[in-house]
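Below is one structure, written out as structure tokens; the observations come after it.
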2 protein chains.
Amino acid sequence: MKKAETTRLSILHKAFKLIYTKGYQTTSIDEIIATTQVTKGAFYYHFKTKDEMGLAIINEILKPSLTESFIDPLYTIENPLDAIYTLMENLLMKTEFLKVEYGCPTSNFTQEMTPWNVDFGRALKEITKLWIQSMTSLIEKGKENAFVRKDVNAKHVTVFVISGYWGIRNFGKLENTKKAYLPYLNQLKTYLHTLQ
Amino acid sequence: MKKAETTRLSILHKAFKLIYTKGYQTTSIDEIIATTQVTKGAFYYHFKTKDEMGLAIINEILKPSLTESFIDPLYTIENPLDAIYTLMENLLMKTEFLKVEYGCPTSNFTQEMTPWNVDFGRALKEITKLWIQSMTSLIEKGKENAFVRKDVNAKHVTVFVISGYWGIRNFGKLENTKKAYLPYLNQLKTYLHTLQ
DNA sequence: CTAAAAACATACTACTTAGTATGTTTTTAA
DNA sequence: TTAAAAACATACTAAGTAGTATGTTTTTAG
């Protein structure tokens, strides 16, 4: 039970890449198995349906990468406002597997799936909640440590920042250059500054 | 040449509604003509392809509604910062044809189409530009009239605000309640306050 | 009123899609 | 080593898709 797991993960990774660049609907199973060098039999041995694979992508690909790239970095800088800004700057300008022309995977998924698949919505809501909670509690701690003003609503700030992030990711798709991110980063900095 | 135009617009309106609620890919032409009570012959008389219809939706439905609901209201309030906040509050909480579970049409289109259709991207970029330019020049005027600090970068503020709007619209899809919009509106208000 | 063009209607095609039926090979456990 | 289960392979199906071919009806202009 080792090779099998490799096959499964290989399918998930290739499928994720295709879906990230093309969208879920426009990515066919035939295309996935072609680029994965796996046959239909193997695919349907590992996943009952395409949607089951989609859910697996959220839980087994998106979720871990969210933890690694979106949450853990928050704890490497003492000042939470600095941590948030640095995170966003890294995500937008430096993180390599995120491309300006393809936007944010979680945001893309949310946009495309939510209207017609409740399970996808639930799974996406859950992983988004993780990000929100991390950032919120970080700000709360910042209030205790005098990095953040006491009257700041941590949850509100978090949602505001993340909304901007999702929005500017979509914006980037239109402009097709990372320069499009700069206005957001610039204003994010001044905004965060007003919270201390 | 009057009845024909009615048919054409009827198709565009019904198609827009379907696409807004379900997405472009998942809305089939058969579905469109079924709800429009029009036959395939009529559809393909008015539009050479599905994508031509999609472009027509952007230019003939989205664009006018953007002007009417997203731009014109900006000029009804003297203080540009108040105008922007009021616009966003109205769009998010009151505008009836925008539903929390379906997000923002322009943002949806951008998200779904950009990766695989250049023409859609161009058209969407163009109408988005209209919104940005309006809001930017409004803020510039606000600087002259002492409503806005002189050192504020109008374009940056505009992009920051609109990004937040797009993002919170996507956020609403996960939460499925307009309450999800409140953190954005709340922080938008305090953010705009710091610009005066 | 009438012919020609515009506007629509119907039946079909070629292709793609997710999923299945039925196999064969590989791995695992005794 | 061997039998059984796991893992994969191939060929197929049924349903849907955008788009077309070929009509008929309606409108318009002279």
Side-chain angles (χ1 to χ4, degrees), chain A residues 1-58 60 109 112-120 123, chain B residues 1-58 60 109 112-120 123:
Chain A
M1 263 187 228
K2 196 66 199 304
K3 181 91 179 309
E5 191 63 13
T6 305
T7 306
R8 185 193 150 89
L9 287 178
S10 165
I11 293 172
L12 285 181
H13 276 106
K14 292 276 186 185
F16 168 75
K17 258 198 175 167
L18 283 170
I19 291 168
Y20 173 46
T21 57
K22 304 187 19 169
Y24 182 83
Q25 301 283 350
T26 36
T27 301
S28 71
I29 290 171
D30 285 335
E31 211 175 343
I32 294 170
I33 65 179
T35 69
T36 320
Q37 302 269 51
V38 159
T39 61
K40 208 153 242 193
F43 181 93
Y44 279 100
Y45 173 78
H46 288 286
F47 308 101
K48 257 207 279 294
T49 64
K50 185 186 180 185
D51 285 2
E52 185 177 302
M53 180 211 63
L55 274 175
I57 287 179
I58 296 178
E60 297 170 43
F109 262 75
E112 188 182 356
M113 319 290 214
T114 301
W116 54 268
N117 191 313
V118 193
D119 293 327
F120 277 64
Chain B
M1 262 187 226
K2 198 63 198 306
K3 181 87 178 310
E5 192 63 12
T6 307
T7 305
R8 185 192 151 88
L9 287 178
S10 165
I11 293 173
L12 286 180
H13 277 106
K14 293 277 186 184
F16 168 74
K17 258 197 174 165
L18 283 170
I19 291 168
Y20 174 46
T21 57
K22 304 187 19 169
Y24 183 83
Q25 301 283 352
T26 37
T27 300
S28 70
I29 290 172
D30 284 335
E31 210 175 343
I32 293 171
I33 65 180
T35 69
T36 321
Q37 302 268 50
V38 159
T39 61
K40 209 154 239 192
F43 182 94
Y44 279 99
Y45 174 78
H46 288 284
F47 308 101
K48 257 206 279 293
T49 64
K50 186 186 179 185
D51 285 1
E52 185 176 303
M53 179 211 64
L55 274 176
I57 287 179
I58 296 178
E60 297 171 43
F109 262 74
E112 188 182 357
M113 319 291 212
T114 301
W116 53 269
N117 191 312
V118 193
D119 294 327
F120 278 65

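A, B, ... follow the sequence lines: proteins, then strands. Residue 1 opens every chain.
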Checklist entry - Angle class for the A/F120/A/Y24 ring planes (parallel below 30°, perpendicular above 60°, tilted otherwise)? => result perpendicular
Checklist outcome for this item: As its Watson-Crick or G-U partner within any shown strand, both distances under 3.5 Å, D/dG23 has C/dC8
Next on the checklist: Rounding to an integer number of Å, can you tell me how far B/I33 CD1 sits from D/dG16 P?
Outcome noted: 14 Å
Next on the checklist: Listing request: all side chain to side chain donor-acceptor pair (under 3.5 Å) pairs with a residue in residues 7-19 of chain B, at least two apart in sequence or in separate chains.
Outcome noted: B/R8-B/E60
Checklist entry - Do any pairs count as a salt bridge (Lys or Arg N to Asp or Glu O under 4.0 Å) and have a residue in residues 19-36 of chain B, sequence neighbours left out, and if so which ones? => result B/K22-B/E31, B/D30-B/K40
Checklist entry - With sequence neighbours left out, what residues match B/F43 under ring-ring contact (aromatic ring centres under 6.0 Å, His included)? => result B/F47
Checklist entry - Can you name the side chain to side chain contact (heavy atoms under 4.5 Å, CB included) partners of A/T49, sequence neighbours left out? => result A/D51, A/E52
Item to check | Value rounded to 0.5 Å, distance of OG1 in A/T27 from CD1 in A/I32 | outcome: 6.0 Å
Item to check | Taking every non-hydrogen atom, the tightest pair across B/H46 and B/A4 | outcome: CE1-O, 3.3 Å
Checklist entry - Which letter, B, S or -, goes with each nucleotide of nucleotides 8-21 of chain C from 5' to 3', with contact meaning a protein heavy atom under 4.0 Å? => result BBB------SBBB-
Which atom pairs link the protein and nucleotides 22-24 of chain C when you take only N or O atoms and keep those under 3.5 Å?
none

Next on the checklist: Between B/E112 and B/Q25 (side chain of the first, backbone of the second, donor and acceptor by atom type, cut-off under 3.5 Å), is there such a pair?
Outcome noted: yes
